[in-house]
Structure formats: C-alpha cells, structure tokens
Amino acid sequence: MKIIKDFLTPHTKGESLYVDDLPEPSNLLHAFVFTSIIPHGKIVKLNLEKAEKSPGVNKILTSKDIPGENQLGRIIQDEVLLVEDEVEFVGQPIAIILAETKEQAKKASKLIEIEYEKLPAVFDPREAAEKGLFIAPSNTLSNGDVDAAWEKCDVIIEGTVENGGQEHVYLETQAALAIPDENDKILIYSSTQAPTTVQGTTAKILGLDMNMIEVDVKRIGGGFGGKEDQATQWAAICALGAYHTKRPVKLILNRKEDIQMTGKRHPYTSDYKIGLTKEGKIIAFEASIYQNSGASADLSTAILSRTLFHSNNSYFIPNVKVTGYPCKTNLPPFTAFRGFGGPQGMFLIESAIDKAAEVMGLPKHVLQEKNLLEEGDEFHYGQKVERSNARRSFEELLKETNFKQQKKEIDEFNQSNKYMKKGLSIMPICFGISFTSTFLNQAGALVNIYKDGSVSVSTGAIEMGQGVNVKIRHIVSLALGIDPERIRIESTNTTRVINTSPTAASTGADLNGKAAEIACNRLVERLKKVASEKIQVQPEKIEIKDDYVCVKGKKTELGWNELINLAYMSRVNLSSQALYATPKIFFNKGRNKGKPFAYHVFGAALTEVTIDCIRGTYTIDKVTIVHDAGKSINYLVDLGQTEGGLLQGIGWMTIEQLMYKEGHILTDSFATYKIPNLPFTPEIKVKFLENAENPEAVLKSKAIGEPPFMYGIGAYFALKNAARAFRKDKDWNYSAPLTPEKLFLYLYENES
Ligand code: MTE
Ligand code: HPA
Ligand code: MOS
C-alpha cells in the first residue's frame with residue numbers, strides 16, 4: 001500500500017498540534033484545580049478570601065458558580081463537577097482558581113482555607129459490598145441451569161481471582177482550552193474521545209443549549225479509554241471559567257495531577273465455581289464478581305456488563321451464571337480502559353480453567369482446546385456464534401509455534417536447570433465488537449469535494465494514535481476512486497458531524513469508515529450522472545477509478561478534476577452527509593438476551609517466559625500471535641495495534657501496580673509506576689489469519705483496537721507455570737499483577 005506522506009511527517013517531526021501546542025490567545029487565563037485531600041468527609045469551612053487576593057488571580061469558582069446542573073454523570077446522574085458539601089475521594093475537584101499564569105493559580109490555591117469533618121472511608125470492594133455500598137444494582141447474565149448442572153460434573157472447583165487497576169499513561173495528559181465566541185457561544189478544544197459528551201455535558205452544566213457549545217478535536221495523544229468519559233470535566237471547568245470571565249481559559253493537568261485525579265481500569269475480586277466432566281468438558285460456571293467502581297458510576301455499569309459478556313472468553317459453556325456487583329468506594333471513579341471490562345472477565349475464566357487443569361492433572365491447553373466455541377453455539381447472552389475462528393486460530397498457533405515440541409523442550413530445560421525456569425502459556429481470545437449499548441452504534445460523516453477536486457472528510461472519529469484517519473482516508477480513496485493525496489481528514493468538530501458516539505469499543509473505523517463510504521457512494525452516484533451526460537454512456541456502465549472516469553474498466557479522457565468542474569458548473573451538490581447505524585444488533589435489557597455484537601474477533605497467542613528464581617525477576621521472551629483481523633485495511637496500523645495492545649496487556653498483568661494509602665495514590669509518577677519499556681518488550685511475532693474476510697464491517701475488515709490487549713493475559717499464566725516448575729508445594733493465588741516482588745514471595749514464602 002502507498003504510504004501517505006503528510007500523515008507521517010508532522011508526527012515524526014514533532015509538528016502535530018495537541019491542545020497545549022495551540023497558539024495561546026493573548027488574554028488567556030490558566031485554571032488550577034483545588035481538590036480534596038481526604039477520601040471522605042463533609043466540608044465544614046471553605047474560605048477563599050486570601051486566595052482571591054493573591055497576585056494574578058482573576059476569579060475562584062465553586063459549585064455555587066454553576067449556572068446549570070452540577071452534574072457529570074452520563075449513565076447514572078451521581079457525579080458532581082465541583083463538590084457541594086461532601087467529598088468522596090482524594091483528588092475530587094472543589095474549586096477552580098483562574099489566574100494570569102499557572103504558577104499564580106497554583107500559589108493562590110495554597111491560601112484556600114478548608115476544614116473537613118471526616119467520615120468513614122471504604123476502599124475495598126468486598127467491604128463495600130458487605131456494607132451495602134453499591135453504585136447500581138447487581139447484574140446477572142445466565143443460560144442453562146447452573147444449579148442443576150453441578151450434579152452432572154465429575155470435578156467441581158472453587159476459587160478466588162483478583163486483578164489490579166491500571167493507569168492509562170496516555171502521552172498527552174488531560175487538556176482543554178475554552179474560548180468565548182460571539183453571543184456567549186463557547187468554542188472548546190478538548191483532548192477527548194467523546195466530543196459530543198463534552199458538548200452535551202458542558203451545555204447542561206452551563207444551562208445552555210448544545211448549539212452554544214462547539215467542540216473541536218484535531219487529534220489526541222492517546223486515550224485508551226481514559227478520555228471516553230473523563231476528559232469532559234476538564235473541558236467543562238474551562239468552559240465554566242470562560243463563561244464567567246469572558247476570557248479564554250486553559251487547563252492542562254500535569255502528570256502527577258492526572259494520575260491523582262483521574263480514574264483507571266477497574267480492580268476486581270471474584271469468587272467462582274467451575275464444573276467439568278472427567279474428560280475436561282466444562283459443564284457449568286458460576287461467579288460473583290465484585291468491581292471496585294470508585295466513588296461514582298462513570299461507565300462502571302457498562303464496563304461490568306462487558307465483563308459478564310466476556311466471562312466465557314472463547315469457550316462454550318452450557319450453564320453459566322455470572323453476577324456483577326458495582327461496589328462504591330472512596331477512590332476516583334474507575335473508568336473505561338482498552339477492553340472495557342473484557343480483560344477482567346477473561347482473566348477470571350482463564351484462572352478457573354487453569355486451576356481446573358492443575359487439579360485434574362491435565363495440560364491447560366487440552367482443556368482450552370476441548371471447549372473452544374464452535375459454529376452455531378450460543379453465547380450465554382443469546383447470540384449465536386457465527387464464523388467462529390476460535391478453533392482455526394488456536395490450531396494455526398499450535399502449528400506455527402510447533403507447540404508440542406516446544407513444550408517438551410521447556411520441560412527438559414526446567415528439569416536440568418535449578419534456578420532458571422521457563423514457562424509457556426496459550427491465551428485464546430474472543431471479543432465482541434459493537435458498543436453494548438446498542439444506540440451508540442451510529443456514526444456520521446460529511447464529505448466535501450471542493451471545485452478544484454480536492455476532498456475534505458469529517459467524521460465522528462477521534463484520531464488517538466490508533467490510525468483511524470489513515471483507514472478512513474483509504475476507504476474514501478477507494479470509494480471515490482481517487483488518489484489518497486487529494487483527501488484530507490479534518491478535525492472532529494461538533495458543528496460538522498453531530499451527535500457522535502465516543503471513539504471507543506474499537507468501532508472507530510467500522511462505524512465512521514462506513515458512514516464515510518456511504519457519503520462517498522452518494523457523491524459517486526451524482527458524479528456518474530454528470531459523466532454520463534458528458535461522455536454519452538449510461539451511468540450504470542461508468543465507474544471512477546484511479547482519478548479517471550472509466551467505462552468497462554477502461555479509462556476515458558474524462559479525469560477527476562474536469563468531472564468535478566463540470567459538476568460544479570452544472571450546480572450539482574458536491575457535499576454529502578451520511579449516517580451509519582450497525583444493522584441487526586439489539587439487546588433486551590430486561591431479559592439480558594439479544595445480539596449485542598455485530599461480530600466477534602478471535603485469535604490465540606503463545607507466550608514464553610523465563611524466571612530467575614534467585615531474584616524473582618523475569619523476562620517475557622517471546623509472544624506469537626495468530627490473530628483474526630478480517631481483511632486488514634492497513635497492515636502496518638493493525639500490526640501496531642496488535643503489538644501495542646499486547647504490551648499494554650502484559651504490563652497490566654505483570655509490572656503495573658497501583659498502590660494507595662488511605663485513598664491517596666502512592667504510585668503517582670513513573671518512578672513508582674512502571675510500564676513496559678523497550679528492554680521489557682518480548683520478541684513479537686504476529687500472523688493475521690488469511691482468507692478471513694468479515695462481511696459485517698467496512699471493506700471486510702475487523703476492528704482491532706482492543707482485542708489484542710487480552711493476549712497479554714497469557715504472560716501471567718506463563719510466569720505462573722515457570723514458578724510452579726520451581727515450587728509446587730504451595731497453593732497459587734490467582735492475583736494480578738504478578739510483580740517480581742510477588743513472584744519472589746511465592747518462590748520462598750513459608751518454606752518448610
Ligand atoms: N491506540 C493508540 N495508539 N492510542 C489509543 O489511545 N486506544 C485504544 C485502541 N488503540 C488507543 C489505541 C482503545 S481503548 C480503543 S477503544 C480503540 O483504539 C479506539 O479506536 P478505534 O475504535 O478506531 O479502534
Ligand atoms: N465499549 C466502550 N465504551 C462504551 C461501551 C462499550 O461497550 N458501551 C458504552 N460505552
Ligand atoms: Mo476504548 S476502552 O472502548 O476507549
């Protein structure tokens with residue numbers, strides 16, 4: 001494929017513009033957020049007088065200055081923008097200081113006098129559940145009859161599984177700039193995955209109509225889910241400042257503030273019961289899943305339902321009953337993160353199968369293979385398995401890696417080495433594509449052809465490094481039959497494409513690409529008529545290809561530029577808008593059944609690791625992936641997403657550990673929070689399934705943004721297997737992340 005130059009050069013030259021790079025308006029004010037330093041309590045005194053007199057301070061805003069509703073909640077209305085009287089987590093915004101410089105605003109914040117009456121705080125989801133503290137009622141997905149099924153099982157195993165949270169570490173921290181426009185309208189530049197959420201929520205907070213707020217996003221420096229809902233508050237704060245001062249207001253969180261104030265991936269703790277036949281067929285699976293939701297709902301309930309959807313991973317289980325409890329704790333609201341609850345569900349079932357394999361004395365891959373989803377199986381949420389590539393990718397992986405031979409070699413290595421142990425693990429994945437809230441599966445596009453033949457495309461998609469713009473440009477280039485060099489992808493702007501869903505759920509290219517394609521097809525229909533008149537050939541026999549009008553595959557004299565000029569002179573509409581809404585999907589929330597996903601993404605990975613049993617340190621040596629990318633729109637983008645997702649998943653399972661003390665996050669810098677770096681990165685080999693066209697998405701492709709994250713779960717089990725080769729006399733706790741410290745303790749704790 002042709003490499004499109006101008007998409008690469010600004011990035012590689014460091015010229016791409018993020019919010020903090022935009023030219024600053026001359027009368028700009030800077031915002032600083034004054035936050036709670038206790039996890040739970042009532043504010044009994046708040047005195048701003050001294051702070052207000054501090055040099056450079058223009059205004060200090062509190063909840064009393066909110067003209068509309070003090071409400072951020074999208075699914076559940078339970079989250080204030082600024083605290084009214086009760087603080088619920090450390091880092092919760094209480095007041096906004098607006099000053100001429102950032103330093104002045106920060107200095108003034110130290111002069112704010114505040115007194116609290118402390119209230120009991122809860123940080124642990126099980127403790128919250130015991131106390132009846134939930135952000136919403138529990139949710140259960142089920143099929144078959146679990147209670148009756150236990151009798152048919154030869155083996156029944158119970159256990160507990162825990163996973164930690166995860167910091168997003170987007171390169172660009174949360175950022176917004178609000179600029180007052182004429183007639184009280186406000187223009188917001190926001191680093192968000194969800195411009196319409198920013199627009200709608202800000203309008204509500206300011207008590208304005210949505211048409212008074214314009215949100216523009218050129219690109220963002222990574223989101224990973226952390227800017228699906230949690231970019232909104234910073235934009236709303238700037239807009240509130242602009243509303244009151246009539247001056248532009250900018251807020252850029254520094255890294256520490258960002259880590260302290262914003263939500264992360266949800267930690268979970270779950271109890272499960274799994275039953276199998278003696279041959280290893282899974283008969284029943286039951287689980288109680290406790291999600292640490294944080295202090296308010298944010299997206300927690302939607303995330304928890306995806307956990308329930310993916311609690312069977314790639315396996316067919318005839319009797320399932322999984323219940324999720326969203327537990328309210330005094331931590332910043334946890335939020336979307338690549339996989340959106342899916343990874344937590346998959347780690348749970350993989351742990352259950354892993355333990356079953358140990359108890360039954362069978363290799364785990366045998367159990368995995370026996371239970372893979374087949375064509376026509378029914379998921380526990382009622383959807384039929386269609387075009388399953390579960391078995392195909394699993395088998396291709398075994399072949400690709402010469403698995404049996406490799407396993408033999410590793411067993412031999414472990415027998416002949418006392419202090420170095422190797423481990424292997426296979427991780428299959430199955431991930432549903434579509435927002436699980438059906439109405440969100442819609443996207444708009446606006447395609448304009450200027451009279452010189454150049455093309456400008458707007459959609460609802462946010463470019464966050466995942467390559468959605470490159471994909472859309474390719475789709476438009478094919479649909480219009482012109483060189484991609486003539487096509488520009490514009491910023492995402494709420495006045496050009498309206499009512500957008502967040503760029504999330506890996507659907508960015510699927511939804512927005514399809515909308516762009518539909519808009520292009522409409523333009524092509526109009527242009528064919530123009531061409532038909534000119535060359536006197538019926539429109540049905542005409543196509544546009546390689547910048548020319550073609551008849552029966554042969555180029556005519558009529559080129560794109562001339563065609564566009566003709567169309568313009570004949571007063572033909574050269575602008576087209578379209579909406580795409582994913583067909584055939586639905587979900588009945590009362591029955592908890594339906595067809596929530598347009599299709600599923602499958603794949604399997606083999607992870608190889610080595611542990612040093614003297615130090616507890618480890619290396620992730622190699623990961624081989626066989627992945628179902630459909631018919632890839634852009635090989636390099638999909639490869640990058642696969643590698644990046646994998647590495648982020650490995651980080652979550654291994655070295656990324658969030659630490660808190662009384663609700664204060666201790667790991668608030670990269671000195672204490674470690675993410676995978678280059679030396680930690682394994683050798684990665686990716687093979688995309690061939691002939692895997694997907695009829696359900698644009699150009700027969702498949703979504704790729706999130707699914708590869710879950711291959712990272714394989715690293716946990718590979719490390720566990722290596723550790724068990726050193727020591728087997730002690731029970732294994734299925735608790736992630738498996739940091740080197742935790743591994744070391746396992747190797748030596750309570751030695752007899
Ligand atoms: N890749 C990069 N480089 N940066 C990101 O922020 N976000 C991930 C994934 N890949 C992300 C990324 C997440 S959480 C999602 S949902 C998808 O990209 C969103 O984009 P898509 O729908 O276009 O795949
Ligand atoms: N994925 C990501 N974001 C979402 C979803 C989903 O399934 N549903 C609502 N927001
Ligand atoms: Mo991705 S977690 O759906 O933004």
Side-chain angles (χ1 to χ4, degrees), residues 11 74-75 166 168-172 191-194 196-197 219-231 263-266 297-310 334-345 431-443 459-472 475 489 492 500-514 582 585 587 596-598 601 629 633-634 636-649 652 697-698 701-710:
H11 250 57
R74 190 150 65 105
I75 303 176
Q166 186 176 26
H168 297 86
V169 196
Y170 26 63
L171 281 180
E172 182 195 21
S191 181
T192 179
Q193 291 172 242
T196 294
T197 307
R219 65 174 65 71
I220 69 177
F224 303 111
K227 296 171 183 170
E228 181 176 341
D229 236 29
Q230 298 211 357
K264 313 185 189 312
R265 182 186 297 284
H266 294 76
D298 189 272
L299 297 165
S300 294
T301 48
I303 289 162
L304 189 53
S305 62
R306 196 176 270 274
T307 303
L308 303 181
F309 282 125
H310 292 323
F334 290 92
T335 194
F337 196 144
R338 208 172 197 165
F340 205 74
Q344 288 95 325
F431 193 80
I433 300 300
S434 291
F435 287 93
T436 55
S437 313
T438 302
F439 76 93
L440 288 174
N441 294 288
Q442 55 172 313
T459 71
I462 299 291
E463 175 56 55
M464 60 187 107
Q466 88 281 41
V468 70
N469 281 1
V470 179
K471 288 188 175 178
I472 291 175
I475 293 163
I489 308 294
T492 314
T500 61
S501 293
T503 300
S506 305
T507 61
D510 281 21
L511 298 177
N512 295 280
K514 201 78 188 177
T582 312
I585 51 172
F587 196 70
F597 302 117
V601 171
I633 293 177
N634 185 307
L636 284 179
V637 165
D638 285 356
L639 182 64
Q641 285 294 295
T642 308
E643 294 174 340
L646 165 74
L647 205 59
Q648 211 168 26
W652 173 54
V698 63
S701 67
K702 276 198 176 184
I704 192 123
E706 294 166 288
F709 180 95
M710 282 144 278

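Heavy atoms only: backbone and side chains are in, while hydrogens, waters and symmetry mates are out. For ligands, and for the atoms within them, numbers begin at 1 and follow the listed sequence. FYI, the numbering just counts along the sequence from 1.
- S300 approaches H266 most closely through the heavy-atom pair OG-NE2, 2.8 Å.
- If you check the side chains of T335 and D229, you find no donor sitting under 3.5 Å from an acceptor.
- To the nearest 0.5 Å, the span separating OG1 on T507 from CD on Q442 amounts to 11.0 Å.
- In this structure, the side chains of D638 and K471 come closer than 4.5 Å at one or more pairs of heavy atoms.
- Not a single salt bridge (Lys or Arg N to Asp or Glu O under 4.0 Å) links R219 to another residue, sequence neighbours left out.
- Among the candidates Q230, Q166, K264, the single residue satisfying the side-chain contact (heavy atoms from CB on, under 4.5 Å) test with F334 is K264.
- Aromatic ring centres of H310 and F340 lie farther apart than the 6.0 Å criterion allows.
- Side-chain contact of S506 with E706: a donor-acceptor pair under 3.5 Å is present, judged by distance alone.
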Once you restrict both partners to nitrogen or oxygen, which atoms of ligand 2 have a protein partner under 3.5 Å, and how far apart are they?
residue  : atom   : partner : partner atom : Å
ligand 2 : 3 (N)  : E228    : OE1          : 3.1
ligand 2 : 3 (N)  : E228    : OE2          : 2.9
ligand 2 : 7 (O)  : R306    : NE           : 3.3
ligand 2 : 7 (O)  : R306    : NH2          : 3.1
ligand 2 : 7 (O)  : T436    : N            : 3.2
ligand 2 : 10 (N) : E228    : OE2          : 2.9

Trace of the side-chain contact (heavy atoms from CB on, under 4.5 Å) decision for E172 with K227: CA-CA 11 Å; E172 182 195 21; K227 296 171 183 170; 3.8 Å; yes
List of N/O pairs, ligand 1 versus protein, all under 3.5 Å?
residue  : atom   : partner : partner atom : Å
ligand 1 : 1 (N)  : Q641    : NE2          : 3.1
ligand 1 : 3 (N)  : G465    : O            : 3.2
ligand 1 : 4 (N)  : M464    : O            : 3.0
ligand 1 : 6 (O)  : G223    : N            : 2.7
ligand 1 : 6 (O)  : F224    : N            : 2.9
ligand 1 : 10 (N) : R338    : NH2          : 3.2
ligand 1 : 10 (N) : Q641    : OE1          : 2.7
ligand 1 : 20 (O) : Q466    : NE2          : 3.0
ligand 1 : 22 (O) : T507    : N            : 3.1
ligand 1 : 22 (O) : G508    : N            : 2.6
ligand 1 : 23 (O) : Q466    : NE2          : 3.0

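- Counting heavy atoms from C-beta outward, W652 and F337 have side chains that stay 4.5 Å or more apart.
- In terms of heavy atoms, P707 sits closest to F431 at CG-CD2, 3.9 Å.
- Between F587 and F309, the ring planes are perpendicular. Angles over 60° get that label, and only those under 30° would be called parallel.
- Put simply, the side chain of Q648 does not reach to within 4.5 Å of the side chain of P343, judged on heavy atoms.
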Do any nitrogen or oxygen atoms of ligand 3 lie under 3.5 Å from a protein nitrogen or oxygen, and which ones?
residue  : atom  : partner : partner atom : Å
ligand 3 : 3 (O) : A505    : N            : 2.6
ligand 3 : 3 (O) : E706    : OE2          : 3.3
ligand 3 : 4 (O) : Q193    : NE2          : 2.8
ligand 3 : 4 (O) : G225    : N            : 3.4

